[in-house]
Amino acid sequence: MASLTAVPLSTEADQVVHPSWSGIYAMAVCVAVLIASEFMPVSLLSPIAADLGLTEGQAGQAIAISGVLAVITSFSIASIAGKFDRKWVLLALSSLLIVSGVMVASAPTFAILMAGRALLGIAIGGFWSMSTATIMRLVPTASLPRGLAIVYGGNALAAAVSAPLGSLLGGIIGWRFTFLSVVPLAVIAVVWQAITLPKMPAVDRVDTGGTLRVLGDRNVVLGLFAVAMLFLGQFSLFTYLRPFLEQVTGATVSMLSAMLLVVGIAGFIGTSFIGRVIGNRLRALLAVIPLIMAATAIALGVFGKSSIVTALLLAVWGLVSTAAPVVWSTWLSRTLPQDAEIGGGLMVGTIQLAITIGAAVGGIVFDARGPVVDFVGSGFVLVIAAIVAFVGVRDAAARPQGA
């Protein structure tokens, strides 16, 4: 996920006496495994479908089911985790990665594949929803940006290499052993966190009334709708990128790996530099990014038969699509400075729900009308995201003082 969390305003981080940087790095490894596991099917959709006797659209539902469980978990984990030591909750969620990886790699049927991916969705929704609050308990306030950067670094690294590496390994050792290769990393993440994370007893219960208050803000509702359209459009395309490249562009396995690597490298660059250009351009970026993505999606549908043009368009796609979460995270921190934790939970749930719907609807369109129609359709959804962001979403930092 691309997934979003936000820093709540709390004094808890100020009380940290002995920072646990090793725990931060252990969480970063876990995040990398989460992201790699979540998006690896994108590069392995075709062989999974062929092996289990499915269509590409049906295989794509393996991504959709993880999103469904991530949404449910993101909205419920706070009340469940509030009763237990957060260390053990994180370890339980991380351990699901091991079980999920083994189930998916050995799945003899579509049902077992979906069950394994469902467990992954629980791990994704729970871990991401708790990550920022956990980091605040591991390092002091002055070090929070560094702690968050380290954990998000695991996200960026996995997003950059998981798809091309998955495609490469899938062509050499098959999709099952590719999924199985992630399991040892999950074991390392669990053991490392078990050793380095301190005890984190339950804190105060969640303010459910705060959620209703936040949702009463028109700017927040429109922002969440724009985010939903952005990720719905993005993943109705990105989920089916491999079969598009195979069927439309005619890419070989080595070309697939190269093109997916282009997306990953461009995405890493976009994530690294977007923070330097936001400034007072936030509102413009909220609209321009989905607009560029929309133009790219439609152009892929029109010019997808050219491998050179496709590679260039995928570079543009990677550059702007991975920058989008950073921009929206900045908007969230400016819009809800006193309710950032509540807003972050809503954002995580919205994104996961949008990914789920995008993968599901994209699969239906892909099977019924083909890859070109799917990609062009995602472009029109992204146009909606751009329009809503430009017309309805405000940048709180741009308001006059006292407004």
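The structure displayed is predicted, hence computed values, not measured ones.
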Applying side-chain hydrogen bond (donor to acceptor under 3.5 Å, both in side chains), name anything that partners Glu246, two or more places apart in sequence or on another chain. Ser46, Arg242
Compile the donor-acceptor pairs under 3.5 Å between side chains in residues 365-372 and protein atoms, sequence neighbours left out, one pair per line.
| unit_1 | atom_1 | unit_2 | atom_2 | d |
| --- | --- | --- | --- | --- |
| Asp367 | OD1 | Gly57 | N | 3.2 |
| Asp367 | OD2 | Thr55 | OG1 | 3.0 |

Can a donor-acceptor pair be found, under 3.5 Å and without considering hydrogens, that links the side chain of Ser100 to the backbone of Gly116? yes
Return yes if some donor-acceptor pair links the side-chain N/O of Ser181 with the main-chain N/O of Thr178 below 3.5 Å, else return no. yes
Taking everything shown except Phe390 itself, do over 12 heavy atoms lie less than 6.0 Å from its CZ? no
Just wondering, more than 12 heavy atoms not from Ile172 lying within 6.0 Å of its CD1? yes
Checking Ser94 against Gln193: is there a side-chain donor and acceptor pair closer than 3.5 Å? yes
Which residues pass the side-chain hydrogen bond (donor to acceptor under 3.5 Å, both in side chains) test with Trp175, not counting sequence neighbours? Asp51
Could you check Leu197 against Leu138 for side-chain contact (heavy atoms from CB on, under 4.5 Å), going step by step and ending with a plain yes or no? CA-CA 8 Å; Leu197 290 178; Leu138 297 179; 3.8 Å; yes
Report the residue from Leu96, Val31, Thr134 that forms a side-chain contact (heavy atoms from CB on, under 4.5 Å) with Phe127. Val31
Relative to each other, are the rings of Trp328 and Trp331 parallel, tilted or perpendicular (30° and 60° limits)? perpendicular
State whether a side-chain donor-acceptor pair under 3.5 Å links Trp21 with Thr196. no
